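Contents: one structure, followed by commentary.
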Amino acid sequence: MLDKNGIARRIAQEVQNGQYVNLGIGIPTLVANHIPEGLDVEFQSENGILGMGPFPIEGTEDADLINAGKQTITALPGAVFFDSATSFAMIRGQHVQLTVLGAMEVSANGDIANWKIPGKMVKGMGGAMDLVASAENIVVAMMHTNRAGESKLLPTCSLPLTGVGCVKRVVTNLAVLDIKNGAFHLVERAPGVTVEEIVNATDGALILPEVVPEMSL
Amino acid sequence: MLDKNGIARRIAQEVQNGQYVNLGIGIPTLVANHIPEGLDVEFQSENGILGMGPFPIEGTEDADLINAGKQTITALPGAVFFDSATSFAMIRGQHVQLTVLGAMEVSANGDIANWKIPGKMVKGMGGAMDLVASAENIVVAMMHTNRAGESKLLPTCSLPLTGVGCVKRVVTNLAVLDIKNGAFHLVERAPGVTVEEIVNATDGALILPEVVPEMSL
Amino acid sequence: MAISKEIKGVDEACKDVKDGMTFMLGGFGLCGIPENCIEELVRLGVKDVTCISNNAGVDNFGLGKLLKKSQIRKMISSYVGENEEFERQMLSGELEVDLIPQGSLAERCRAGGAGIPAFYTPAGYGTEVAAGKEVREFNGKPHILESALTADFAFVKAWKGDTSGNLIYKATSRNFNPMMAMAGKITVAEVEELVPLGSLDPNEIHTPGIFVQRIFQGRSYEKRIEQRTVSQNK
Amino acid sequence: MAISKEIKGVDEACKDVKDGMTFMLGGFGLCGIPENCIEELVRLGVKDVTCISNNAGVDNFGLGKLLKKSQIRKMISSYVGENEEFERQMLSGELEVDLIPQGSLAERCRAGGAGIPAFYTPAGYGTEVAAGKEVREFNGKPHILESALTADFAFVKAWKGDTSGNLIYKATSRNFNPMMAMAGKITVAEVEELVPLGSLDPNEIHTPGIFVQRIFQGRSYEKRIEQRTVSQNK
C-alpha cells in the first residue's frame, strides 16, 4: 500500500519529457518532488506562473510569489508570470498537457466530484472545473477509500460533479486504474496489495486483466 | 468652405478634457494638430498604442513604432503599447470615448459606408467596424460631396455598410450636422458657406434651424 | 498632456461607493489584494454589497474583514475555503454565494471589460454551474454560454503605477487584477509605488491607464502570507 | 529544466509545412512581420495556403511575396489596401478573400488559442460581415456570433526571446503576434535576439513560452517602413 508520497512517485512516471503540467492541491503537489533528473518539464500554477520551482529557502519567502495552494514558491530560470485570463487560456486552450488533481469521488464513466458536500462543505471549485473540462490528459491522485472506509471509485458519483467523462486514469494508494467504456480497468497494484483488496475497495465496475503487475517505483 | 485642415480644426472643438480619442486615417489624423494647449487628451491608435505623439524628428524614425495609418510616430510620456486584442478591448468595451473617422457615405439614420466599392475598390474595413459598433460618440470627418460632385449625405447608403445607426455628428467642408430621428440637423455652416449651398449638397432629409450660426474656428 | 488619475488617498479613492453596489476586488488568496481599499470599505460601513473576488480572504484579513461586519450580501467567487465565518454565513443563508469556475470568472471579467457580452466555454458543462445556461456543441464537445461581468467599482492592487494609471504588477500578485481593472465602471488602483509620468517603460506595462479612473499610493502593506512553505537550505 | 524550443534556423522552423495548410502571420502592415519565415515559405514554394494576417503586405514585400508567386489560395484579413497584385487577384477571382473587422480578427485568434469556441461582438452587425451569422441582443444591442480561428502554423516575430519560447515584443510591432502565437498548432517564433534561459525578467514577458513550439534568431531584418512621416526639428 502506498502513502501519499508513494502515489506522487507513481504519478511522476506519467509525466513525459517536454510536458507542461498542472498539479492540484494536496497529493498532486508532491509529484513535483519525484520528476526524474533530466526530464524537461514545466509546472504551471493557475494563479499565474509557469516554471514554478521549489519552496524558497527560509527567509527568502515573497508574499507576491505563491502557487494555487497559496504556498510560497520560487520561480525557475525561464519562468513567466501572467494574469488569470491568460492562465486559463493556457488550460482551456489545451496548452497544458497533463493535469493531476485530487478527488472525493470518481465514477466508472470518468466523472469526478471534488468541490462540494451539500450542506456541509463548500469550498468551491477553484480552477478544477476548467482543468477537467479542458485537459486532454487527466490523472486523479487520491486514496482509494474515504475515512469511513467507503470506496471513492463508484458506479456514479453521489456528490455534485466537477466534470463529466473526463478522468482517464486514477492512481490511488492501492492501484493504478484506467477508465474506459464505462468501467475501471485495473492496470497495476501497489506493492504488497492483492487484487482482492482492490476489488473489495472498488464499488464501480472493475475489469481485471489476467495478470496484474505490481507497480515498479 | 473649409479645407481638410479646417475640418480637423472644427472637430478638435468636439474633444473634451480627459478623453481618450481614436482618430482614423486621413482628415481625422489631422485633428491631433489642433487640440488646444492645456487640454489633457490621449490618442489611441488601434494597432497598439495609447499616448501617441507627433511624427518623429527626421532620422529618429522607428519601424517598430507606427500608427494605424502605418505612419512613423512617437510615444509621449505615459504612453503604453499593447496587443491587438487589448486594443479592441479598449474600443469594444467603450473605454475609448470619441472616435473620428472618414466616410464615403453617411445616411440620415446614421449608417456609414467607408470600406468597399463592389467590383472596384476593396481595401477592407480594418478597425472601422469595431469602432463604429462600439463607440458612444462617433464623429465623421469628410468632404460634403464626392469628386463627381454628388452628395455623400444620403437618404440611405448605396455602398456596403460599415455600421448601422451609429454616426452622431458629421463635420464636412460645408457644415456641422447632427443625426437624429432619421434626419440630418444642420448645426453650423462653414465660413462663407450659405445654407442654400448646404441644402443643395445634401441628399438626405435635412432639418434647418431658424438661425444657422457660422462656425467659430 | 496625459490624463491624470492621481488622487490624494484612499478616502478619495472610495468616494461615491454606495450600499447595494457591486465591487470587484483583485487578488488570489491574500496575494495582490487591495488592502487599503478594503480597510476603507470597512471603515465606511458600506452595506449589502456584491463582491466579485476569486476568494473571500481569511477570517481576520482581506475580504474576511468585510464579511465579519456583515457588509456583504452576495459573493461571486471560485474558491472560499480558509474562512470559517464565510462558511457559517453561507450555510446559514445570511450570505448569498455564486461559485463559478476560476477560469470562467477570469474570462467573464475580461469579457465585461472588452465589450464581449457572452462567450462559450467547456468549463462546468454537466455540473451545477451549467444550470439554466445555454448548452451548445462546438467540434463535438458541449460548451456552456457564460456572460460578461462588470462592477460599479473595481479595486485593484499593483506594484507600480504612474499618474496616468498605467500599472505594473509583481510576480503572481497580478492574477485577477488586470481583468478586473478592465471591468470596473470606476476602477481604483492602489499601488505600492506611484511614479511620475514617463518613468515606466511603455513596453512593460500590464494594465494601460485607460482602464483606471483613480490611482493612489497605498500605505502600510501587510502582505500577509497564507501558507509559509520553505525548503531546507541544502 | 525548462523545455527548450530552440531550433537551428528558418529551414527547421518551417519543416512540415504542406500545401493546403492554414497559416497565421503576425504583423500590422509591415511592422512586426516574420520576415525570415515568409522568405522561407516563398523558397519552399508551398501552395494553396490560407493565410490569416491583418494585412497582405505590399507588392514586393511581406505577404506580397507569397501573393506574387500565387502561393495563397485564400486570405483572411481586415485591411488589404496598399497591394495592387492583391486587388488584381481578388477582383479576378484567383484569390479568395474573407475580410473581417480588425478587432474581431484579433479576438477570434485569441479565442482559438484560449479554448473559447465562439463569442458575441457588436462589430459588423447590419453589414456584409454578419451574413449567415447568428444575431443576438444583449443589453438591447444586437451582436453577432463569431467563431475561433486556429492555424496549422502560426509565424510570429518578436524582439527578444529565450530558448523556452518566452517572447518580448517591441513597441507597436506587438500587434497580432501574441494572439496568433496562442492559436497555432505549431507556433514558430523568429526573434531579433535569442537570449539564454533566465535572461528575461519573468514579469516582462508578453508571450509565455508554452504557446511557442519553435524559436530561432532571424537574420537580416529589413524592417521596411511603409509611410515614413517626420516632424520638422523645431
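Here is how names work: the chains are called A, B, and so on, in the same order as the sequence lines, proteins then strands, and each is numbered from 1. Only a predicted model underlies this, so the values are computations on that prediction, with no experimental measurement involved.
Residue-level contacts of residues 17-33 of chain C with chain D do not occur; threshold 4.5 Å between heavy atoms.
Neither the backbone nor the side chain of C:Glu146 comes within less than 4.5 Å of any heavy atom in chain D. With a 4.5 Å cut-off on non-hydrogen atoms, C:Leu145 touches chain D through its side chain but not through its backbone. Heavy-atom distances place the side chain of D:Ile168, and not its backbone, under 4.5 Å from chain C. Looking at D:Phe138, only its side chain comes within 4.5 Å of chain C, counting heavy atoms on both sides.
Within 6.0 Å of the CZ atom in C:Arg219, the count of heavy atoms belonging to other residues, nucleotides or ligands does not exceed 12. Annotation: C:Lys15, atom NZ; neighbour count of heavy atoms from other residues, nucleotides and ligands within 6.0 Å does not exceed 12. Surrounding OH of C:Tyr125 are at most 12 heavy atoms belonging to other residues, nucleotides or ligands under 6.0 Å away. Within a 6.0 Å sphere centred on CG of D:Asp16, heavy atoms belonging to other residues, nucleotides or ligands number more than 12.
With rounding to the nearest 0.5 Å, the separation of NE2 in D:His206 from NE2 in C:His206 is 7.0 Å. Atom OG of D:Ser104 sits about 7.5 Å away from atom CD1 of C:Ile116, to the nearest 0.5 Å. The structure places CG of D:Asn203 at 11.5 Å from OH of C:Tyr169, a figure rounded to the nearest 0.5 Å.
In terms of heavy atoms, C:Pro122 sits closest to D:Gly115 at CD-O, 3.9 Å.
Put simply, of C:Ala118, C:Ala171, C:Pro117, C:Ser147, the one with the most heavy-atom pairs under 4.5 Å next to chain D is C:Pro117.
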Test salt bridge (Lys or Arg N to Asp or Glu O under 4.0 Å) applied to D:Glu204 and C:Arg174, step by step: CA-CA 12 Å; D:Glu204 295 174 4; C:Arg174 196 183 315 181; over 6 Å; no
